[in-house]
Amino acid sequence: MYFQFPCEKCSKKLKVRDENVGKKVRCPYCHHTMLVKKPETPIIDTSIDVNTSSSTASTSSSRPSGSSRSGNKNVSSGWADGTEVSLSKSGIIAIGASVAFIALLFPFRKYYLGELFLDRGWVPFALVFLMSWSATILILKYQKLGKQKDSMLFDTLPTDISEDISEKTVAKFIEHVKNLPVDPRESFLVNRVLRGLEHFRVLKSSSEVSNRLQSQSEIDATAVDSSYTILKVFIWAIPILGFIGTVIGISAAVGGFSGGMDDATDISALKESLGSVTGGLSTAFDTTLVALVMSMLVMFPSSSMQKSEEDLLNWVDEYCNENLLKRLKESDQAGGGGDEKDHRRLIQRTIDKAMANHHAELQTWIEKLEGIGNTLSQQVVKSWGTIDDKIREQQEAQLAEVQQVMKHLESVEEKMTALQSAHTSHLEKMNGEATEMAEAAGVLSQSFNGVQQGLNGLNMVLTSLGEKQVLIQQVEAPRKRWGLFGNSKRVR
């Protein structure tokens, strides 16, 4: 149910739903924010005269339902762009936002957060751009959705003009709607009401207006669904970029590992190759992490935004059913004019009855296609899960091999350290022995110097003797004798 209440600032008449009582709304005329208060005696615009023709009553049952918004639809031309966002405008804003984000991360390039985006190749930069583009589209769509909700407060069909919408008053209603301070292409409600009034002025049939409004409802639903196409592409592309970064990182790690095995004899070269291996693995895991987090950050707001827009379309459908279709009043014509109208209605009912089977068959095919789409989606998700599990298993196996190689290198390094220590101790021992040999050589040199001095003295003695004869007399050794008084020695 809807009721009228005036704006506190500009005194314009607005129309709101009962559910908005106690909530804050913004006037679409002066943009003043105020609290909705239900008047003591509200003016309800949904009542109609009980003597309205049966044709008008029958049209109120043909609601432009929003339940058939999914799937393919054959609709007429003319739709409000509503919450459609310009891709070029949002793309330019996204480029600026991406550059600003990278510039803000530059001072933190030595930390883990900065390394995630600055030291992992080109994939993180592409992820930041897609994330910025998605966020820009969502922000612009949120602003347009706010304008759409504000336009729902317009009293597009005021009772001041007339209680009923007839051929005589429809021109006044059209003029009133066109004078509203809003572009009809920017408001689903204003566009729907304006088209309904124009169709009624031309066709002069409430049933035809109902059919046209149903087609317009499907057009608006298709426009809303198509506005999320690029966001769905981004939600699909962000994880794919993460997997691409994983493949690049694993390829770099495997290439560095194979190159390191070729130079296994050189410890320094092997350490450098292990550094490239760990760098490739970090790129593989970090890009996947960033992509999955960004995908979730885009998916939840976009789903919430799409639900809000679908709810808005449902409100527009309800508004048209309660405030437009119920108030349409066809003029009665005398004579054969009434018979002609009855024949036209009979032909219309016959056509609708004949097309009922085709519509039912079309709905069956739509349901089958939806089931096939759901099955394919589940299979794709399952396949991606299997691929992800295989990639994780390969990464774990390669990581285990790298750890084994690192342990082997650690043992080799320990052995080399022990050999180096033994070599150092051996050199120290050899240095000690060389010192001892040097000391012995010094002692031997001193002995040789003494002998040389003795020989020099002997030479001097021989020189002093000259040709003198030297007599050498042999002296017998003292003999031992046994006397009465024991052993005695003879001294000469």
Side-chain angles (χ1 to χ4, degrees), residues 2-5 7 10 12-17 19-20 23-34 36 45 63-64 66 69 75-86 89 137-158 161 165 170 172-201 209 212-228 305-325 327:
Y2 292 84
F3 66 91
Q4 288 182 345
F5 80 102
C7 175
C10 63
K12 294 286 187 180
K13 291 184 178 180
L14 306 177
K15 182 174 289 187
V16 296
R17 295 163 53 93
E19 290 82 356
N20 291 329
K23 299 180 180 179
K24 290 185 177 180
V25 296
R26 187 172 59 180
C27 177
Y29 293 97
C30 62
H31 304 288
H32 173 67
T33 303
M34 55 192 165
V36 177
D45 295 333
R63 296 169 55 95
R69 290 181 179 137
V75 296
S76 59
S77 61
W79 54 275
D81 55 4
T83 58
E84 184 72 23
V85 176
S86 173
K89 177 182 178 181
I137 292 175
L138 289 175
I139 292 173
L140 295 178
K141 287 179 71 66
Y142 180 77
Q143 294 176 353
K144 288 196 171 186
L145 181 62
K147 294 181 180 179
Q148 291 278 356
K149 291 182 178 180
D150 292 340
S151 66
M152 292 294 296
L153 300 176
F154 282 120
D155 189 5
T156 56
L157 303 172
I161 298 176
I165 302 174
V170 65
K172 296 181 179 180
F173 282 106
I174 293 175
E175 183 180 1
H176 171 75
V177 173
K178 289 183 177 180
N179 291 330
L180 292 175
V182 63
D183 186 359
R185 291 183 58 84
E186 296 180 356
S187 174
F188 288 120
L189 176 64
V190 176
N191 182 69
R192 187 84 59 85
V193 172
L194 182 60
R195 290 186 178 277
L197 294 174
E198 290 176 349
H199 287 313
F200 183 72
R201 183 174 60 179
V209 172
R212 298 298 190 276
L213 290 181
Q214 185 174 1
S215 299
Q216 189 64 39
S217 174
E218 295 176 351
I219 292 172
D220 294 339
T222 304
V224 169
D225 186 66
S226 64
S227 66
Y228 286 90
M305 185 72 67
Q306 187 172 7
K307 182 181 181 303
S308 299
E309 293 194 24
E310 290 177 353
D311 292 340
L312 177 67
L313 292 180
N314 290 332
W315 295 342
V316 174
D317 294 341
E318 182 183 4
Y319 184 94
C320 293
N321 290 328
E322 297 295 330
N323 295 279
L324 177 61
L325 294 178
R327 294 172 60 184

S.K.: Can you tell me how far the CZ atom of Phe188 sits from the CD atom of Gln216, to the nearest 0.5 Å?
M.R.: 9.5 Å
S.K.: Just how far is it from atom CZ of Phe173 to atom CD1 of Ile165, taken to the nearest 0.5 Å?
M.R.: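 Atom-to-atom, Phe173:CZ and Ile165:CD1 are 5.0 Å apart.
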S.K.: Quick one: list whatever passes side chain to side chain contact (heavy atoms under 4.5 Å, CB included) with Glu175, sequence neighbours left out.
M.R.: Asn179
S.K.: I need the Glu218 CD to Asp225 CG distance, nearest 0.5 Å.
M.R.: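 If we round to the nearest 0.5 Å, Glu218:CD and Asp225:CG are 13.0 Å apart.
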S.K.: May I ask you to test the Asn323-Val193 pair for a side-chain heavy-atom distance under 4.5 Å?
M.R.: no
S.K.: Run the side chain to side chain donor-acceptor pair (under 3.5 Å) test against Arg26 and tell me which residues pass, sequence neighbours left out.
M.R.: Asp150
S.K.: If I compare all heavy atoms of Leu145 with all of Ser308, which pair ends up nearest, and what's the gap?
M.R.: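 Of all heavy-atom pairs spanning Leu145 and Ser308, the closest is CD2-CB, 3.6 Å.
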S.K.: Between Leu194 and Thr156, is there a side-chain heavy-atom distance shorter than 4.5 Å?
M.R.: no
S.K.: Under the salt bridge (Lys or Arg N to Asp or Glu O under 4.0 Å) test against Glu309, which residue among Lys149, Lys141, Lys144 passes?
M.R.: Lys141
S.K.: Is there a side-chain contact between Leu312 and Met152, using heavy atoms and a 4.5 Å cut-off?
M.R.: yes
S.K.: Can you tell me how far apart CD (Glu84) and CZ (Arg185) are? Round to the nearest 0.5 Å.
M.R.: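 Glu84 CD to Arg185 CZ: 10.5 Å, rounded to 0.5 Å.
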S.K.: Under 4.5 Å between any side-chain heavy atoms of Leu313 and Val224, yes or no?
M.R.: yes
S.K.: Quick check: does any side chain N or O of Asn191 sit under 3.5 Å from a backbone N or O of Ser187, one acting as donor and the other as acceptor?
M.R.: no
S.K.: List for me each residue that meets side chain to side chain contact (heavy atoms under 4.5 Å, CB included) alongside Lys172, sequence neighbours excluded, and say none if there are none.
M.R.: Ile161
S.K.: Is the shortest side-chain heavy-atom distance between Gln148 and Val316 below 4.5 Å?
M.R.: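 Side-chain contact under 4.5 Å: no.
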S.K.: Rounded to the nearest 0.5 Å, what separation is found between the CD1 atom of Ile139 and the CE atom of Met305?
M.R.: 9.0 Å
S.K.: Tell me if a side-chain donor or acceptor on Tyr228 pairs with a main-chain N or O of Gln306 at a distance below 3.5 Å.
M.R.: yes
S.K.: For Lys89, give me all partners under side chain to side chain contact (heavy atoms under 4.5 Å, CB included), at least two apart in sequence or on another chain.
M.R.: Ser86, Ile93
S.K.: Of all heavy-atom pairs between Pro158 and Arg327, which one has the smallest distance, and what is that distance?
M.R.: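 Looks like O-NH2, 3.8 Å.
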S.K.: Could you give the distance from NE2 (His176) to CG (Leu197), rounded to the nearest 0.5 Å?
M.R.: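 The NE2 atom of His176 sits 10.0 Å away from the CG atom of Leu197.
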S.K.: Where the side chain of Ser217 meets the backbone of Leu213, is there a donor-acceptor pair that is under 3.5 Å apart?
M.R.: no
S.K.: Can you name the ring pair (Phe, Tyr, Trp, His ring centres under 6.0 Å) partners of Phe154, sequence neighbours left out?
M.R.: Tyr29
